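Values reported hereafter were calculated over all heavy atoms of this structure, with side chains retained and with hydrogens, waters and symmetry mates removed. Because the structure is predicted, anything quoted here is derived from the model rather than measured. In what follows, every chain begins at residue 1, and chains take the letters A, B, ... in the order their sequences are listed.
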Amino acid sequence: MSLNTIKIVPFQRILLTWFRHNQRSLPWRGQTDWYPVFLSEFLLQQTRVQQALPYYEKFISAYPDITALAAADEDDILAMWTGLGYYARARNLLKAARQITGRFNGHFPHTYKEALSLPGIGPYTATAVLSIAYNQPYPVIDGNVIRVLSRIFMISEDTRLTSTRKTIEQLANQLIDKQQPGHFNEALMELGAIICTPRRPNCSSCPVYSFCRAGQSKQAESFPVRSRPPEKRKLNHFVFLIRQNGAILLARRPATGLLAGMWEFPYAATDNLDSAPAELPGLLQKTYGIKGKFRSVSPVLQHIYSHIRLRYRAVLIDDAAGKFKNKFYDKFVWKPLTEMDNLRLHTAHAKAWNWLIEQ
DNA sequence: AAACCGGGGTC
DNA sequence: GACCCAGGTTT
C-alpha cells in the first residue's frame with residue numbers, strides 16, 4: 001500500500017484541527033500525569049469509553065496515584081472490576097502497578113521494551129501510554145485505527161491476518177505526526193469512535209473525507225474486510241442456589257481460566273437442560289456430595305461470551321445436608337442473604353440471582 | 001497462527 | 001442474532 005496518493009502534512013493538520021475542536025471531554029484527558037492515561041488504557045482494552053467511564057471514576061477515586069494502586073488488595077481490585085469483563089486485566093493492572101513502583105521507581109517506563117515487559121501491557125497499551133503521556137512518536141494500532149485506515153486506503157485484505165496488520169502498522173508509522181504523536185493517535189481513534197463508526201459511518205461529517213478512497217467510492221461500510229470468527233463453544237449448566245439458615249452458598253473460581261477468581265453459585269454441566277427435575281438430585285449429589293429440598297427451577301437463561309454460548313437454569317434448593325466436596329473451586333462461603341445486595345457476581349450468575357429475587 | 005478470555009451497545 | 005469494541009496472554 002502506497003501513500004503516494006495522500007498528502008501527509010495536510011492530512012495531519014486537518015485531523016489534528018478537527019480533534020482539537022471535536023474531541024469528547026474525558027476525565028483522563030488533558031493532564032500532565034501519566035497515571036490517568038495508564039489507568040484508562042487498561043480499562044479501555046476491548047471496552048468502549050462509555051462502558052469504562054464509571055469504572056474509571058471508581059478506580060481514580062479509590063486509587064488516585066500509582067502508590068495507592070500498588071498497595072491495593074487484589075480482592076478489592078477484582079471486586080471493583082466486577083461486571084467489566086476480561087478479569088485478567090484487573091490482576092495485571094495490579095501487578096503492573098507493583099512493578100512500576102518496584103522496578104521503575106514509581107514512574108511508567110520511557111522505553112517501548114520496558115513498557116512491554118509489564119504485565120497486561122501489549123503493543124497497543126505500550127504505544128498508547130508512551131505517545132499520549134510522554135509524546136513519543138509511536139503509532140497506536142487499535143480497532144479504530146484499523147477501521148479508519150482500512151477505509152482511507154481501501155485495504156481489501158483480511159484484517160485478521162498478521163500480514164494485513166503489518167501493512168496497517170506501516171501506514172500508521174508514515175502518517176503519524178511526530179511533533180504531536182499523542183494528539184495524532186488520539187485523534188485517529190476519536191475519529192473512529194465518533195465519525196468512522198463500524199456501521200453507518202458519518203462520512204458527510206468526516207474531516208478527512210477528501211483523503212478517503214472507500215468514502216469517496218461510497219463503500220466505507222464495506223471496510224474493513226474481516227473473516228468470520230470461529231463458532232462459539234456451547235455449554236449447558238445447572239446453577240445451584242443453595243439456601244441454608246438465611247445464607248446462600250457461594251464458591252470462588254480458580255485463579256486461572258474463565259472468570260478467574262470470581263465468586264459465583266456452584267454449578268454442574270449437563271447434556272440437556274430439558275430433562276431437568278428428575279435428574280437434579282443425583283447431579284447435585286454426584287457433583288457436590290450433598291442433598292437438599294428442590295424448590296423451583298428457572299426457565300432457560302442465556303449468556304453470550306466472546307467465545308462461548310452458555311445456556312443455563314437456576315435451581316433453588318433449601319436445607320442442604322451432607323459434607324461439601326468439590327475439586328474445581330478453591331473456596332466456599334455461606335453468604336448471608338441480607339449481604340447479597342452489595343456483592344457483585346459475574347454477569348451470568350447475576351442473572352440467576354435476579355431470577356430468584358424476582359420470584 | 002490460533003485459541004482463550006467478558007460484557008455491552010447497536011443494528 | 002451478528003458484529004465489534006482505545007487487546008493481552010498462552011499455547
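- Within the nucleic acid shown, A/Leu258 comes within 4.0 Å of sugar-phosphate atoms alone, with no base atom in reach, counting heavy atoms only.
- Atom C1' of nucleotide C/dT9 and atom CD of A/Gln46 are separated by 13 Å, given to the nearest angstrom.
- Per the geometry, CZ belonging to A/Arg48 stands 14 Å off C1' belonging to C/dG7, to the nearest Å.
- The CZ-P distance, from A/Arg226 to C/dA2, rounds to 16 Å in whole Å.
- Of the residues near DNA chain C, A/Glu41 and A/Asn92, the one whose nearest nucleotide (by heavy atom distance) lies more toward the 5' end is A/Glu41.
- At a threshold of 4.0 angstrom between heavy atoms, the contacts of A/Tyr86 include nucleobase atoms, whether or not backbone atoms are also involved.
- For the pair A/Arg313 and A/Asp274, the salt-bridge criterion is met [side-chain N within less than 4.0 Å of a carboxylate O].
- Separation of the A/Phe59 and A/Trp81 ring centroids falls under the 6.0 Å cut-off.
- Of the charged side-chain nitrogens involved, at least one lies within less than 4.0 Å of a carboxylate oxygen, so that A/Lys234 and A/Glu231 count as a salt-bridged pair.
- Ranking C/dG7, C/dC4, C/dC3 by closeness to the A/Arg147 side chain, first place goes to C/dC4.
- In this structure, A/Thr197 reaches neither bases nor backbone, as no heavy-atom distance under 4.0 Å exists between it and the strands shown.
- Counting non-hydrogen atoms under 4.0 angstrom, A/Thr347 reaches the backbone sugars and phosphates but no base.
- As a whole-Å value, the separation of A/Lys95 NZ from C/dT9 C1' is 10 Å.
- Salt bridge absent: A/Arg199 and A/Glu221 never bring a charged side-chain N and a carboxylate O closer than 4.0 Å.
- The main-chain N or O of A/Tyr267 is never found under 3.5 Å from a side-chain atom of A/His237 such that the two would form a donor-acceptor pair.
- Between A/Ile308 atom CD1 and C/dG1 atom P the separation is 17 Å, expressed in whole Å.
- With respect to the salt-bridge test (charged N to carboxylate O, under 4.0 angstrom), the residues A/Asp330 and A/Arg252 qualify.
- Among the atoms of the strands shown, only primed sugar atoms or phosphate atoms (P, OP1, OP2) are found under 4.0 Å from some heavy atom of A/Arg233.
- One can place CG of A/Leu149 at 14 Å from C1' of C/dA6, the figure rounded to the nearest angstrom.
- For the pair A/Phe38 CZ and C/dG7 P, the interatomic distance rounds to 16 Å; values are reported in whole Å.
- Within 4.0 Å (heavy atoms only), A/Leu259 reaches sugar-phosphate atoms of the nucleic acid but no base atom.
- For the C1' atom pair drawn from B/dA3 and C/dA6, the interatomic distance equals 23 Å after rounding to whole Å.
- Using a 4.0 Å heavy-atom cutoff across all strands shown, A/Thr162 reaches sugar-phosphate atoms only and no base atom.
- Across all strands shown, A/Pro123 has heavy atoms under 4.0 Å from sugar-phosphate atoms exclusively, and none from any base.
- A donor-acceptor pair under 3.5 Å is absent between the side-chain atoms of A/Ser131 and the main chain of A/Gly182, judged by distance alone.
- Sequence order on DNA chain B of the closest nucleotides to A/Arg199 and A/Ser163 puts A/Ser163 first from the 5' end.
- Within 4.0 Å (heavy atoms only), A/Gly192 reaches no atom of the nucleic acid at all.
- Among the protein residues, A/Glu190 comes within range of the nucleic acid bases, having at least one heavy atom under 4.0 Å from a base atom.
- Nucleotides of DNA chain C nearest to A/Gly120 and A/Arg309 differ in position, and the one nearer the 5' end is that of A/Arg309.
- The pair A/Arg29-A/Glu186 meets the salt-bridge criterion, with a side-chain N (NZ, NE, NH1 or NH2) lying under 4.0 Å from an Asp/Glu carboxylate O.
- If you take atom C1' in C/dC5 and the same atom in B/dG6, they sit 12 Å apart, rounded to whole Å.
- When DNA chain B is scanned 5' to 3' for any atom under 4.0 Å from a heavy atom of chain A, the first and last hits are B/dA1 to B/dT10.
- Atom CD1 of A/Ile152 is separated from atom CZ of A/Phe211 by 8.5 Å, given to the nearest 0.5 angstrom.
- Distance A/His307 NE2 to C/dC5 C1': 17 Å, rounded to the nearest Å.
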